[in-house]
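The structure appears right after this line, and notes come after that.
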There are 4 protein chains.
Amino acid sequence: MQAGSPKWRRRSEARPGEIVQAALEVFAEKGFAAAKLDEIAARAGISKGALYLYFETKEDIFRAVVREAVAPNLDMVEGLLTQATLPFPDLLRLVIGRIVKVIGTTRLGAVAKLVIGESRNFPELARVWHDEVVSRALGAMTGALTRAQARGEIRPGDPRLQAFSIVGPVLMGVIWQETFTPVGASALDLEALALQHCETVLTGLASRVVMLP
Amino acid sequence: MQAGSPKWRRRSEARPGEIVQAALEVFAEKGFAAAKLDEIAARAGISKGALYLYFETKEDIFRAVVREAVAPNLDMVEGLLTQATLPFPDLLRLVIGRIVKVIGTTRLGAVAKLVIGESRNFPELARVWHDEVVSRALGAMTGALTRAQARGEIRPGDPRLQAFSIVGPVLMGVIWQETFTPVGASALDLEALALQHCETVLTGLASRVVMLP
Amino acid sequence: MQAGSPKWRRRSEARPGEIVQAALEVFAEKGFAAAKLDEIAARAGISKGALYLYFETKEDIFRAVVREAVAPNLDMVEGLLTQATLPFPDLLRLVIGRIVKVIGTTRLGAVAKLVIGESRNFPELARVWHDEVVSRALGAMTGALTRAQARGEIRPGDPRLQAFSIVGPVLMGVIWQETFTPVGASALDLEALALQHCETVLTGLASRVVMLP
Amino acid sequence: MQAGSPKWRRRSEARPGEIVQAALEVFAEKGFAAAKLDEIAARAGISKGALYLYFETKEDIFRAVVREAVAPNLDMVEGLLTQATLPFPDLLRLVIGRIVKVIGTTRLGAVAKLVIGESRNFPELARVWHDEVVSRALGAMTGALTRAQARGEIRPGDPRLQAFSIVGPVLMGVIWQETFTPVGASALDLEALALQHCETVLTGLASRVVMLP
DNA sequence: GATGAATGAGCATTCATTCAT
DNA sequence: GATGAATGAATGCTCATTCAT
């Protein structure tokens, strides 16, 4: 084995990402405590000891996994904020579509489950997720709702609770897929759910609505 | 030590319940793996060894905790089914109110979080919860929605997805309280959420609705 | 349940013997360490706590089992000694027959196995057995051999080693039955072994023997 | 678990042997249950955890100890078989001498005691010993006796029982040394026993023998 | 940098022993 | 005397972490 081989150099730089990727899989499957460093190392294709060249502790790896998953969401949150001038129905359809797409292409659902499950053991992570993802996204949504109320687009009401009305079903769908589908429950078409729920909640929130007798 | 001291009277009949109660607290705080039998025993006011007079293993205790939490839900589900002849809006307000009340008076939310977090390590529990709680409740809701559609009370659409639209925000509220409130997020008034969402979704699902330009 | 019931009184007196009997079975099956007081109590038909009304510790029960098994052997040893005036072949046939009979009607073999297996953990028991059973029996045999040598009945030689020649095969037969027969080895006719070995060793030890070319 | 990977991974070559050696000592002194992994590890000069790099469980270590002791015996058994063409007396003297030598240079006696004592808890080990050591050795001896009977060298009789007559005293001597010598009994010269018994039993089994009145 | 053998603290589980009833 | 619930010390096993190579 020759030191300084370029193949190694390049791999070294990629290592942390590979480890986080492998760790994400194992944590998602087993949860934090039941995940074994042996398995993470094996899936990352390195030795167990090598993990400690890149991370201090197992908790560190866990933190990296969760924080890494925050990044794409931050982008999404930024997206929410910048589109904030659209009419609310258009904005909502756009945002929900984006959320569903991100969930479909990343392991975001699995990470959400991890954060939920380990929130008591890793309060800082729950805090990070709250502060940098959930709260900001919810804040953006609340802001858009407040403005839409001011414009008379949607009916009055606590915009934070309205935001729950909007996002909750999608979150429930994600949890369903992560929790019950693997144990035999019928699968769920998250996109169809988002589409139908969007129209339902838009009608429900619209101000210029008249219910006939 | 005085003979006949009431403190030491045999409580064997109450013990399993006390243990499950103590275990619920510890599991809810730590998750399955991080929960220590020492602490469960201490909170139950008995020795570690005594746990094994009532349960075979730690997993057994966990199962008991989860199964015990199922019972009150079964009653609630039965309640749902028997009220099925009411007009849908009345039924929904009734049911949602009941759900929120149960959640407020039991540790159901904590158990739900446990089931979600440990679903990969205890698939049978996820299955039990799916079969005996989630699926039945969702089934009842779907049935009521189907009938309401037939009666022309609510608009057409996949009733299962409509059920997600109805229940999702409440579930999200529960998760919020269990996950983010303990780490500093602003508390959530679950009852207000339920109330407002009920009206929103009822409007959104109603068939006799006209959106004005 | 009436205190002082005569049925109980009589049982109480028989209890230690019943316990020792039950313990013998369990110890014989499992060895000392793997034997559980629960099982001994169950087989004796009493509660675990009641064992401590008759014995101080588990070791105590074990000691009682082993010592109890000594008694019938002491009788046998006495028998050996009193018949010591017979011609040696007659004496040997008598004694070996008696040994085989005792082994066939008691759990002596099992106890021997226990003593052998636990001799390091219970040196006093090994000592008791040596002093009160093995050594005395061997001493009696050695004495008889010495006298038979003096009478010219059997050929000269270390009488202790001759005693091993006589007894060894029977002991081996007992061990065989206790160790290998339960795991599928073909059973052994201990009586036939004793009979044939008796004649073989009597010929081998006889002084008036001529080997033809 | 890698398919096809040999059960004995690349390990420090000497370690397993050192562990087995240390374990043999501890098991021989305490028996299986009373032997503590702490002590085995200490005597092997490693930590308790390191044991599990080489063996799965305590039982595994025990099995290795017993199986390892089988190997030298297999060689001995083969030796018996290949010398089978000698005249019986010469063969017997050769074989017995070899047995005594092996016993004197190995801890075979201690292992035999272990197998006897734990035969109920580890039936497979008793079976292995029966099938691969005792049965084969006894079979070889029986075969030699049968041929010797056919040649008219020794008198008729059940050859299996004759084998017991031959081997029993040596086994008894081994057990004596392992069981009673450590608790104060006078030591036994196993070689002298073997020598004298050999001549005794050869005379006893010889066909061309006449007993004078 | 990389390895994997070695460590040792930590935990679930067992079971002889006790004691209030 | 008898019970059996309760105890707690003991121990096999796990696994994150370290370190000599």
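So you know, we letter chains A, B, ... as the sequences are listed, proteins then strands, and number each from 1. Values below: all heavy atoms of this structure, side chains included; hydrogens, waters and symmetry mates excluded. Every value quoted in this text rests on a predicted model; they were computed, and no experiment measured them.
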Enumerate the protein-to-nucleotides 13-15 of chain F contacts in which both atoms are nitrogen or oxygen and the separation is below 3.5 Å.
residue, atom, partner, partner atom, Å
F:dC13, OP2, D:Tyr52, OH, 2.6
F:dC13, OP2, D:Lys58, N, 2.9
F:dC13, O5', D:Tyr52, OH, 3.0
F:dC13, N4, D:Lys48, NZ, 2.9

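Comment: D:Glu39 does not engage D:Lys36 in a salt bridge, judged by the lack of any side-chain N to carboxylate O separation of less than 4.0 angstrom. Using a cutoff of 4.0 Å between basic side-chain nitrogens and carboxylate oxygens, D:Arg120 and C:Glu178 are scored as salt-bridged. With respect to D:Arg63 and D:Glu124, a salt bridge is recorded, a charged nitrogen being found less than 4.0 Å from a carboxylate O. A salt bridge links B:Arg43 to B:Glu29: one of the charged nitrogens lies within less than 4.0 Å of a carboxylate oxygen.
Regarding C:Phe55, its CZ atom lies at a distance of 18 Å from the C1' atom of E:dT18, rounded to whole Å. Between the C1' atom of F:dA16 and the CD1 atom of A:Ile61 lies a distance of 10 Å, rounded to the nearest Å. Rounded to whole Å, atom P of E:dT17 lies 11 Å from atom CD1 of C:Ile40. Rounded to whole Å, the distance from CD1 on B:Ile19 to P on F:dA5 is 12 Å. Between the C1' atom of E:dA12 and the CZ atom of B:Phe62 lies a distance of 16 Å, rounded to the nearest Å. Separating the OH atom of C:Tyr54 from the C1' atom of E:dA16 is a distance of 19 Å, rounded to the nearest angstrom. Across the protein-nucleic acid pair, A:Leu53 atom CG and E:dG4 atom C1' stand 13 Å apart, rounded to whole Å. Computed from coordinates, the B:Glu39 CD to E:dG10 P distance equals 15 Å when rounded to whole Å.
Taking the ring centre of A:Tyr52 as origin, the terminal cationic atom of A:Lys58 falls outside the region bounded by 6.0 Å and 45° from the ring axis.
Remark: the backbone N or O of D:Ala42 is not paired with any side-chain donor or acceptor of D:Lys48 at under 3.5 angstrom. In this structure, C:Asp60 contributes its side chain and C:Phe55 its backbone to no donor-acceptor pair below 3.5 Å.
Scanning all heavy atoms of the two residues, the minimum distance from D:Gly31 to D:Leu114 falls at CA-CD2, 4.1 Å.
Contact check, A:Arg15 against E:dA2: a side-chain N or O comes under 4.0 Å of OP1 or OP2.
Residue contacts for B:Ile46: at a heavy-atom cut-off of 4.0 Å it reaches the sugar-phosphate backbone alone, with no base atom in range.
Ring geometry for D:Phe62 against D:Phe122 counts as tilted: the plane angle lies between 30° and 60°, on a 0 to 90° scale.
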> Dot-bracket for DNA chain E, 5' to 3', with Watson-Crick and G-U pairs under 3.5 Å, [ ] for crossing pairs and | for other-strand pairs: what is it?
Replying inline: .||||||||||||||||||||
